[in-house]
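See below for the structure under consideration.
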Number of protein chains: 2
Amino acid sequence: MARATIDDVARLAGVSIKTVSRVANQEPNVRDSTRVKVANAIATLDYKPNQSARSLASRQSFLIGLLYDDQSKYEIPSAGYVINIQSGVMSACKARNYDLLIHPCTYRNKDISKEIDELIRHSRLDGLVLAPPLSDMLPIIDAIEETGVPLARIAPGSNVNQQCVVTTNDRSACANMVNYLVSLGHKRIAFITGHPDHKAVANRYLGYQDGLQENAIALDTELVQSGDNSIKSGEKCAEALLAGKQHPTAIFACNDDMAAGVIRVAHRRGIRVPEKLSVVGFDDIPLAQQVFPALTTTRQPLKAMAKKATELLIRKLRAEPLEAAPTMVESSLVVRESSGKSPAI
Amino acid sequence: MARATIDDVARLAGVSIKTVSRVANQEPNVRDSTRVKVANAIATLDYKPNQSARSLASRQSFLIGLLYDDQSKYEIPSAGYVINIQSGVMSACKARNYDLLIHPCTYRNKDISKEIDELIRHSRLDGLVLAPPLSDMLPIIDAIEETGVPLARIAPGSNVNQQCVVTTNDRSACANMVNYLVSLGHKRIAFITGHPDHKAVANRYLGYQDGLQENAIALDTELVQSGDNSIKSGEKCAEALLAGKQHPTAIFACNDDMAAGVIRVAHRRGIRVPEKLSVVGFDDIPLAQQVFPALTTTRQPLKAMAKKATELLIRKLRAEPLEAAPTMVESSLVVRESSGKSPAI
DNA sequence: CAACTTCATGACAGCGCTGTCGCTTTTGCC
DNA sequence: GGCAAAAGCGACAGCGCTGTCATGAAGTTG
């Protein structure tokens with residue numbers, strides 16, 4: 001029971017293989033009666049086009065790559081982040097009959113450009129989706145564009161006006177988070193910045209400053225610590241911030257992993273969250289709900305962004321019209337257990 | 001600058017395209033001097049074989065699928081689990097020049113067999129790696145085997161003697177965990193079982209019983225609660241176990257997610273871990289280190305298992321000899337912060 | 001109704017490789 | 001040195017599709 005080929009279908013339907021091809025690919029200019037005839041033959045034989053033959057003849061692979069930073073190698077596991085992105089890309093691919101090839105890589109490699117070049121040239125991708133933080137790194141973008149592979153970027157940090165880039169309102173969402181904390185009575189609101197390589201995360205610091213300004217609170221750099229997005233760094237920054245007796249009443253970590261680190265330190269030091277200290281994060285990765293108390297955070301609609309980016313990519317591949325503007329997906333505040341009224345001072 | 005084809009290389013090297021093919025595929029029966037000549041031409045032209053053409057001619061796709069349960073749809077996020085498996089499969093694929101196609105699916109679907117059939121028949125896979133818990137579900141295995149696609153399973157729950165199955169010593173590792181707890185003075189050791197669909201996890205309960213028996217502790221079914229692998233269910237079970245004043249001194253949840261749930265409840269109830277209650281899990285997913293206190297658990301070498309399974313699969317595909325026995329990768333105890341001496345009674 | 005255009009279809013030539021087979025040259029062995 | 005076996009290489013026919021172009025039928029227009 002070898003798989004049916006296009007010839008088998010053509011024979012059964014009494015048409016040429018080209019007509020079968022037309023029906024299979026939903027091309028126009030086929031009479032309805034013919035279309036039905038062919039469709040029946042396809043169903044009868046359970047015909048599935050051979051993708052390799054299709055690819056060879058049409059010079060398309062129907063394969064989309066997802067390139068992301070493989071943090072697992074550095075034991076900075078933010079698996080939830082990656083999974084969400086995969087899931088979004090996947091759903092867009094499925095809808096358009098593309099398959100998804102994943103490509104973890106590490107931007108910390110010296111010759112990342114070379115690695116990317118290899119990756120792309122070896123494998124038969126029609127297009128590539130680039131996930132944060134890679135999506136904001138110029139050398140990487142350049143390396144990809146040099147290969148000529150169509151690219152879409154999930155780039156929360158990007159404020160460039162470009163096609164095939166999906167962004168989010170990180171900055172204003174951070175300002176909003178500060179507003180929320182102020183509304184709970186907090187005045188000493190600390191901030192933990194992220195990894196300097198991650199543009200998306202850098203943006204968040206600006207939002208924090210915006211928020212302070214809106215509430216006429218002066219920026220106190222003693223309340224700002226630099227992390228690198230990892231839990232460990234969150235812990236380190238929290239240790240610094242909570243050392244004195246006059247510690248801040250709220251800590252705003254610019255990602256959830258670091259906020260989780262802050263919570264670990266609070267537990268260790270016996271500082272009750274949120275009664276004595278509010279802790280908030282950013283991203284809304286699964287971990288946010290797994291720690292105790294569950295994190296108040298900003299939900300970054302990663303999955304939606306990834307899906308949108310992939311849709312854009314596929315439209316580009318199919319030469320379908322694209323909207324000109326970069327696509328913006330809104331982030332929004334999620335209040336959980338880790339934030340509360342500022343303690344009386 | 002169109003991509004060089006095999007003809008270009010043949011012309012430059014002054015040989016036939018077949019010889020180029022031989023060199024490119026490292027086939028035997030090519031004189032060294034010829035091989036060098038061709039290799040040089042390949043390098044000069046930066047020739048990369050067209051995968052689609054290769055696939056069409058050789059009836060292989062060089063594509064391996066990874067099928068796993070997409071828990072994100074059910075908000076039971078154990079992303080770390082999936083990522084680890086992906087990572088293992090990926091590394092084996094890379095080593096052998098295969099590409100990886102991911103296929104999240106949901107076994108809770110009614111017609112999963114049909115979905116799998118579609119999936120496999122539509123896409124051009126050479127082989128499939130099946131991840132837990134799917135890897136222990138007979139209807140799923142059957143559906144795949146019916147399609148005839150070569151299969152390798154990462155099946156911690158399987159004790160069947162089969163080729164292309166990678167298992168681990170879950171049961172004895174659980175017994176070992178009980179031994180460890182007993183060595184800390186614990187006598188009332190509760191257990192939280194996992195989702196009944198997950199065979200791997202069912203096995204663990206047996207290991208728990210083994211452990212009790214080894215230490216001459218009678219099984220007290222009041223200390224056994226049934227969870228479903230989710231954090232939420234861990235919380236529910238913990239509420240039940242910690243309700244009375246005479247609660248157990250240790251809780252052994254058969255996966256880390258549920259152990260994290262137990263910890264959440266302990267925090268909420270003000271029961272100090274590990275001083276008043278030891279909590280241990282199983283799997284060693286990233287979350288284990290992210291909660292406070294960090295979980296004592298058993299490290300299941302998922303990545304290694306996934307890699308091994310993929311290697312086996314590829315050897316099968318390449319018709320290389322396989323060892324007959326199922327492959328076993330050892331799990332091992334990881335002591336962290338959540339376990340300690342039993343409190344005095 | 002002639003002269004177009006549009007629609008519906010098929011013939012055929014590849015896409016860039018690999019598998020098969022046959023031919024020539026080299027190697028191994030008594 | 002002679003002969004069989006093995007090694008080294010190339011010619012050629014596909015693999016199963018899609019793109020291009022040709023052809024004839026049907027529809028449109030002044």
Side-chain angles (χ1 to χ4, degrees), chain A residues 1-39 41-42 45-63 97 99 121-124 126 317-319, chain B residues 1-39 41-42 45-63 97 99 121-124 126 317-319:
Chain A
M1 57 153 273
R3 218 158 134 152
T5 73
I6 200 169
D7 294 278
D8 301 327
V9 178
R11 212 171 306 126
L12 179 60
V15 298
S16 75
I17 58 167
K18 182 65 215 187
T19 300
V20 177
S21 168
R22 287 200 182 90
V23 174
N25 293 296
Q26 314 191 56
E27 286 173 28
N29 298 346
V30 180
R31 204 177 297 151
D32 272 351
S33 58
T34 315
R35 201 178 286 279
V36 170
K37 229 170 28 180
V38 173
I42 288 179
L45 298 175
D46 191 21
Y47 165 72
K48 315 266 180 200
N50 178 313
Q51 294 294 330
S52 303
R54 242 156 79 78
S55 298
L56 181 58
S58 68
R59 290 128 188 284
Q60 287 176 265
S61 65
F62 306 99
L63 246 28
N97 261 311
D99 280 322
R121 296 181 49 82
H122 155 79
S123 66
R124 42 202 144 159
D126 283 350
L317 295 178
R318 314 258 69 180
Chain B
M1 59 151 270
R3 218 158 135 152
T5 72
I6 200 170
D7 295 278
D8 301 327
V9 178
R11 212 171 307 123
L12 180 60
V15 298
S16 75
I17 58 168
K18 182 64 216 187
T19 299
V20 176
S21 168
R22 287 199 182 91
V23 174
N25 293 295
Q26 313 191 57
E27 285 172 29
N29 298 345
V30 180
R31 203 176 297 150
D32 271 351
S33 59
T34 315
R35 201 179 286 278
V36 169
K37 232 173 22 182
V38 173
I42 288 180
L45 297 175
D46 192 20
Y47 165 71
K48 314 266 180 199
N50 178 314
Q51 293 293 330
S52 302
R54 243 155 77 80
S55 299
L56 181 57
S58 68
R59 291 129 188 284
Q60 288 176 266
S61 65
F62 305 100
L63 246 28
N97 261 310
D99 279 322
R121 295 182 50 83
H122 156 78
S123 66
R124 42 203 142 161
D126 283 350
L317 295 178
R318 314 257 71 179

Spacing of A:Ile42 atom CD1 and A:Leu12 atom CG [to the nearest 0.5 Å]:
10.5 Å
What residues form a side chain to side chain contact (heavy atoms under 4.5 Å, CB included) with [X], not counting sequence neighbours?
| X | value |
| --- | --- |
| B:Leu317 | B:Ile64, B:Tyr98, B:Asp126, B:Pro150, B:Leu313 |
| B:Ala10 | B:Ile17, B:Val20 |
| A:Ala57 | none |
| A:Ala53 | A:Asn50, B:Leu56 |

Quick check on DNA chain D: between B:Ala57 and A:Val20, whose nearest nucleotide comes earlier from the 5' end?
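The 5'-side residue here is B:Ala57.
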Would you list the pairs meeting salt bridge (charged side-chain N to carboxylate O under 4.0 Å, His left out) in which at least one residue belongs to residues 28-37 of chain B, sequence neighbours left out?
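Residue pairs with at least one partner in residues 28-37 of chain B: there are none.
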Any salt bridge (charged side-chain N to carboxylate O under 4.0 Å, His left out) involving residues 45-60 of chain B? Give me the pairs, sequence neighbours left out, ordered by first then second residue.
A:Glu118-B:Lys48, A:Arg121-B:Asp46, B:Asp46-B:Lys48
In numerical order, the residues of residues 6-17 of chain A whose heavy atoms come under 4.0 Å of DNA chain D are A:Ile6, A:Ile17
Contact list for DNA chain D against residues 22-35 of chain A - heavy-atom distance below 4.0 Å:
A:Asn25
Pairing residues for B:Asp8 by the salt bridge (charged side-chain N to carboxylate O under 4.0 Å, His left out) criterion, not counting sequence neighbours
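Scan of B:Asp8 (salt bridge (charged side-chain N to carboxylate O under 4.0 Å, His left out), adjacent residues dropped) gives B:Arg11.
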Which is the 5'-most and which the 3'-most nucleotide of DNA chain D that has an atom under 4.0 Å from a heavy atom of chain A?
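With heavy atoms of chain A under 4.0 Å away, the range is D:dG16 to D:dT20.
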How would you list, by chain and number, every residue that makes a ring pair (Phe, Tyr, Trp, His ring centres under 6.0 Å) with B:Tyr47, sequence neighbours excluded?
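By the ring pair (Phe, Tyr, Trp, His ring centres under 6.0 Å) rule, B:Tyr47 matches no residue at all.
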Which residues pass the side-chain hydrogen bond (donor to acceptor under 3.5 Å, both in side chains) test with B:Ser55, not counting sequence neighbours?
none
Taking only side-chain N and O atoms of A:Thr19, does any of them lie within less than 4.0 angstrom of OP1 or OP2 on C:dG10?
yes
